[in-house]
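In what follows, a single structure is set out as structure tokens and then discussed.
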Amino acid sequence: MPQNSPEPYEPVLSAEVHAALSTGLPVVALESTIIAHGLPRPRNLSVARELEGLVRSAGAVPATVAVLDGRAHVGLGDDQLERVAGDPAVRKLGHRDLAPALAAGASGASGATTVSATAFLAARAGVGVFATGGLGGVHREWAADQDESADLRLLAGTGITVVCAGVKSILDVPATLQRLETLGVCVVGYGTGHFPGFYLSSSGEPVDWTVHSPEEVVEVIRAREALGEPASALIVANPVAEADQLDPALHDRVLAEALDACRERGISGQGVTPFLLDQLMRRTGGASLEANLAAVRGNVTLAARIAVTAAAR
Ligand code: PSU
Ligand code: MN
């Protein structure tokens, strides 16, 4: 049974999330790295609030995940959301960073959680559906630097449904899809036979399975449960509407420039993804940001519809 006054190191549930989980109401987990490190201030705070509002409008309870003062939280109050969006000391925490961030207790770290840390904490708290923008994956320079997001391996070992607009197009998309296949992670396209391209409606890569409604997604979830507790994530790949996508020619040109800038400045590790997202935003005059937000909004709304449908069964 979920607790909202947990043991040290266990996630603290907001009262609202605790009540929803205890009574079987739909809950959607939201990650916070996109807020703290993926979007410019101060717009990031209004986006964080807007995303929670979209979950509520669809009839579910939002559970934004973050670490504050050495405690993991699933479900944030508005003051906590403000801190995640505005405090420059908020770090970027992947799954592997959770233990050191929590170990010092109240003098421990505060950080936004990536897909890997969010999926882990949400699943642990009993939240079954999670929405983000684009997953991390295999970077284009992988042959030189072996940069592959920890998102992939964590999702391979966590039974949660993740709604995303594919993987970020700054990545090597075919290599990422190949890794997901190797890791045994189930991928379904939502209303499309192609894997979405994050800022773009399609990455050009095919997907093997297509679903068309929240009901069909829930059928897949039921089948996974019937086959045994799912040991890996279900990725629901939901494309941004064509009307909202970034112009593909602009995308390709600007991405090449951003990758060059990343190489020239020697950016590596956790800094790569935020740097590239920021470069794309600057070099497209903000158009990539609008496409990113359109994708995230669509994912959050779909995740809430899936959670509501699952809870009604
Ligand atoms: N989706 C977005 N914007 C983001 C991210 C996802 O639209 O900023 C974040 C997620 O938190 C994801 C992280 O887990 O980027 C991947 O970072 P890395 O490549 O360093 O693992
Ligand atoms: Mn990385």
Side-chain angles (χ1 to χ4, degrees), residues 11-17 20 27-58 60-94 97 101 108-119 121-122 127 130-136 163-165 168 198-199 240 244 270-271 273-282 284-304:
V12 181
L13 308 189
S14 67
E16 188 187 18
V17 169
V27 179
V28 173
L30 302 172
E31 62 135 319
S32 48
T33 291
I34 178 170
I35 302 303
H37 305 290
L39 299 171
R41 294 186 187 122
R43 181 132 181 231
N44 61 346
L45 177 58
S46 56
V47 170
R49 289 178 175 145
E50 181 194 352
L51 298 179
E52 294 209 341
L54 287 173
V55 173
R56 288 185 203 285
S57 307
V61 172
T64 304
V65 175
V67 173
L68 294 169
D69 305 317
R71 290 305 290 255
H73 291 263
V74 175
L76 300 182
D78 195 61
D79 49 330
Q80 295 172 319
L81 213 53
E82 256 180 53
R83 228 180 119 189
V84 169
D87 183 350
V90 166
R91 298 175 55 149
K92 174 177 168 182
L93 304 176
D97 304 309
S110 296
T113 49
T114 67
V115 167
S116 70
T118 307
L121 291 168
V127 180
F130 165 32
T132 182
L135 302 179
V163 183
C164 61
K168 284 182 280 282
F198 186 54
Y199 298 121
V240 66
D244 296 328
Q270 281 196 331
T273 295
F275 176 80
L276 288 173
L277 295 178
D278 181 64
Q279 284 286 310
L280 263 103
M281 188 190 72
R282 292 168 192 278
T284 59
S288 74
L289 175 61
E290 297 311 320
N292 188 351
L293 292 178
V296 178
R297 288 187 192 106
N299 296 340
V300 168
T301 300
L302 177 58

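Quick note: numbers below take in every heavy atom, side chains included, and nothing from hydrogens, waters or symmetry partners.
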Do S110 and D87 have side chains that approach each other closer than 4.5 Å (heavy atoms only, starting at C-beta)? no
Hits for side-chain hydrogen bond (donor to acceptor under 3.5 Å, both in side chains) against D244, two or more places apart or cross-chain, chain-then-number order -> none
Hey, does the side chain of T113 reach the backbone of L93 with a donor-acceptor pair shorter than 3.5 angstrom? no
Treating T33 as the side-chain partner and T114 as the backbone partner, does any N or O pair qualify as donor plus acceptor under 3.5 Å? yes
Is the backbone N or O of V17 less than 3.5 Å from a side-chain atom of S14, with the two atoms forming a donor-acceptor pair by type? yes
Over 12 non-hydrogen atoms of neighbours within 6.0 angstrom of CZ in R56: yes
Closest non-hydrogen atom pair, F198 against V240: O-CG1, 3.8 Å
Determine, for E290 against R43, whether the closest basic-nitrogen to carboxylate-oxygen distance falls under 4.0 angstrom. yes
Taking C-beta and beyond as the side chain, do E82 and D78 meet within less than 4.5 Å on heavy atoms? yes
Look at atom CZ of R49 and say whether more than 12 heavy atoms of other residues, nucleotides or ligands are closer to it than 6.0 Å. yes
Would you name the heavy atoms of I35 and L51 that are closest together and state the gap between them? CD1-CD1, 4.5 Å
Over all atoms of both residues, closest heavy-atom pair of T118 and L30: CG2-O, 3.8 Å
Do I34 and L39 pass the side chain to side chain contact (heavy atoms under 4.5 Å, CB included) test, and can you show the C-alpha distance, the side-chain angles, and the key distance before you say yes or no? CA-CA 6 Å; I34 178 170; L39 299 171; 4.1 Å; yes
Closest heavy-atom pair, V67 versus A109, reported as atoms and distance to 0.1 Å, is CG1-O, 3.4 Å
Hey, does V28 have a side-chain heavy atom less than 4.5 Å from the side chain of V127? no
When rounded to the nearest 0.5 Å, the distance separating CD of E31 from OG1 of T132 is 3.5 Å
Side chain to side chain contact (heavy atoms under 4.5 Å, CB included) between V84 and T64, intermediate numbers included: CA-CA 10 Å; V84 169; T64 304; over 6 Å; no
Looking at every non-hydrogen atom in both residues, tell me the closest pair between K92 and D97 and how far apart they are. O-OD2, 3.9 Å
Rounded distance [0.5 Å steps], CG in L81 versus CG in L76: 6.0 Å
Could you tell me whether the side chain of N292 and the main chain of S288 form a donor-acceptor pair under 3.5 Å? no
Closest non-hydrogen atom pair, A112 against V90: N-CG1, 3.4 Å
Would K168 and L280 count as a side chain to side chain contact (heavy atoms under 4.5 Å, CB included) here? Give the steps. CA-CA 12 Å; K168 284 182 280 282; L280 263 103; over 6 Å; no
Between D278 and F275, is there a donor-acceptor pair closer than 3.5 Å when you use the side chain of the first and the backbone of the second? no
Using atom types as modelled and distance alone, determine if a side-chain donor or acceptor of N299 lies under 3.5 Å from a backbone N or O of G133. yes
When you measure from the side chain of H37 to the backbone N and O of R91, does any donor-acceptor pair fall under 3.5 Å? yes
